[in-house]
Amino acid sequence: MTDTDRCSPGTAVAATKPDGFAELVSTATIVEIAQGFWDAYLPEDAVLLPGSVLPEIEEVRGHIDIGGSWSGRVEISTSLAAARRVAASLFSLRPEVLDQSEILDALGELVNVVGGNIKSILPAPTSLSVPQVADGPGEWRFDALLEREILLSWNSEPVVVRVWSTGSPAAP
Amino acid sequence: MHALVVDDSRAMRSLLRSILGSLGIDVAEAADGRAAIDAVEAGPLPDLALVDWHMPVMDGLELVTELRRRKEWRHMAIMMVTTESEHENMVRALLAGANEYLIKPFSPDAVLEKLSLLGLSPEPVPVADARGDDTLR
């Protein structure tokens with residue numbers, strides 16, 4: 001993450017007109033995509049439930065950018081404990097032996113899978129960035145419209161999926 | 001059987017190593033397309049390359065194209081393993097020389113099914129034998 005990506009807590013604002021993300025991708029579809037990751041890679045412990053409150057501290061975060069006919073960002077944040085358990089499953093290691101780079105790498109793959117599958121629903125042409133991940137306090141600076149904020153819970157740990165829209169270059 | 005897993009995610013390489021290892025397949029890893037070319041040149045020649053699409057340095061599509069340029073590598077099976085599920089991208093990868101296409105997220109059974117479609121059906125080995133030293137950490 002670069003310095004310009006990070007800022008003190010604040011509110012993102014709409015920068016450009018979104019291109020009908022709400023009509024293109026439903027919340028249920030995003031949840032289904034996220035659930036697909038858990039079904040595939042954590043099948044013995046795969047139940048994602050609706051969450052009720054935003055976590056006070058989002059300990060680890062990752063995002064991936066989509067460009068093309070629709071442009072925006074898919075961001076996932078979660079607790080360190082949840083990210084550690086996801087990483088443990090992907091690495092086939094005990095959670096306690098994982099280092100921070102392995103935890104963030106696994107979070108990056110989660111972001112890649114969720115963002116990539118959202119991208120596949122959007123009208124072509126679209127492109128996908130490589131995922132970016134970070135831990136610790138702070139937020140991504142991304143001046144865009146918050147299209148969706150989905151609160152999920154996995155074993156009582158928060159998982160938050162956000163989709164930001166910067167609109168479409170093709171839009172009038 | 002030898003496989004080369006090419007993905008910039010260590011977690012994904014580890015997962016595929018675990019799945020393929022449980023099938024008795026020897027696995028080498030590369031973090032990008034350029035490193036994969038180096039690994040293939042260094043040998044041993046893999047029977048199968050599993051290739052992510054989005055990677056730094058050299059992406060998966062470029063890698064497939066490069067691999068297919070070399071006559072001596074033409075027998076290597078190539079499976080794209082990616083979130084790129086749009087039809088036109090699948091066609092691009094197949095036209096570039098990929099033999100199969102596996103969309104993330106995938107189950108171990110899906111990997112096995114794709115190996116079968118490629119005519120690569122390894123004998124499963126006991127899980128304890130397939131685990132690497134990392135599981136002892």
Side-chain angles (χ1 to χ4, degrees), chain A residues 32-43 46 62 64-69 74 83-84 86-99 101-133, chain B residues 5 7-22 27 29 31-33 52-61 80-93 101-114 127-128 130-137:
Chain A
E32 186 180 339
I33 288 170
Q35 182 66 63
F37 181 94
W38 264 263
D39 288 341
Y41 302 143
L42 299 104
I64 196 162
D65 291 340
I66 299 171
S69 67
V74 177
R84 182 180 290 278
V86 169
S89 182
L90 292 177
F91 280 101
S92 299
L93 292 171
R94 297 191 306 275
E96 62 271 22
V97 304
L98 292 163
D99 63 32
S101 70
E102 290 167 325
I103 293 167
L104 292 177
D105 185 283
L107 179 66
E109 188 58 27
L110 168 61
V111 169
N112 179 48
V113 167
V114 173
N117 280 278
I118 289 173
K119 167 189 170 291
S120 71
I121 300 169
L122 301 169
T126 50
S127 60
L128 199 64
S129 75
V130 293
Q132 300 290 313
V133 291
Chain B
V5 174
D7 198 304
D8 57 331
S9 165
R10 290 162 59 201
M12 187 50 53
R13 297 200 304 270
S14 177
L15 178 68
L16 283 166
R17 175 186 282 278
S18 176
I19 293 170
L20 296 170
S22 72
V27 178
E29 300 179 14
D32 60 64
D52 184 24
W53 191 300
H54 297 285
M55 295 181 287
V57 184
M58 178 190 287
D59 70 25
L61 193 63
M80 295 299 292
V81 185
T82 175
T83 60
E84 285 286 350
S85 58
E86 296 95 322
H87 178 72
E88 54 263 47
N89 283 335
M90 291 185 188
V91 170
R92 286 173 68 199
Y101 207 99
L102 180 62
I103 295 170
K104 297 175 181 178
F106 53 81
S107 66
D109 285 346
V111 176
L112 192 57
E113 182 184 342
K114 294 295 184 182
V127 171
R131 286 182 179 158
D133 290 340
D134 282 352
T135 56
L136 302 176
R137 284 172 53 190

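Within every chain, numbering begins at 1; the chains are lettered A, B, ... in the order of the sequence lines, protein sequences first and strands thereafter.
For B:S85, the side chain to side chain donor-acceptor pair (under 3.5 Å) test picks out A:S120, with sequence neighbours left out.
Neither the backbone nor the side chain of A:A87 has a heavy atom closer than 4.5 Å to any heavy atom of chain B. The part of B:N89 that comes within reach of chain A is its side chain, from C-beta onward, which places non-hydrogen atoms under 4.5 angstrom from that chain.
Using a 4.5 Å heavy-atom threshold, the side chains of B:L15 and A:E109 count as separate.
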Open item on the list: What verdict does the side chain to side chain contact (heavy atoms under 4.5 Å, CB included) test give for A:S101 and B:R10, after you've listed the backbone C-alpha separation in whole Å, the side-chain angles of each residue and the deciding distance to 0.1 Å?
Closed with: CA-CA 10 Å; A:S101 70; B:R10 290 162 59 201; 3.0 Å; yes

- [ ] Let me see the working for B:E84 and A:K119 under salt bridge (charged side-chain N to carboxylate O under 4.0 Å, His left out), right down to the final yes or no.
- [x] CA-CA 8 Å; B:E84 285 286 350; A:K119 167 189 170 291; 2.7 Å; yes

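Contact tally against chain A (heavy-atom pairs below 4.5 Å) for B:S9, B:S107, B:P108: the top residue is B:S9.
Of all heavy-atom pairs spanning B:P105 and A:Y41, the tightest one is CA-OH, 3.2 Å.
Atom CD1 of A:I64 sits about 6.5 Å away from atom OG1 of B:T83, to the nearest 0.5 Å.
Using a 4.5 Å cut-off between non-hydrogen atoms, the part of residues 110-117 of chain A that approaches chain B consists of A:N112, A:V113, A:G116, A:N117.
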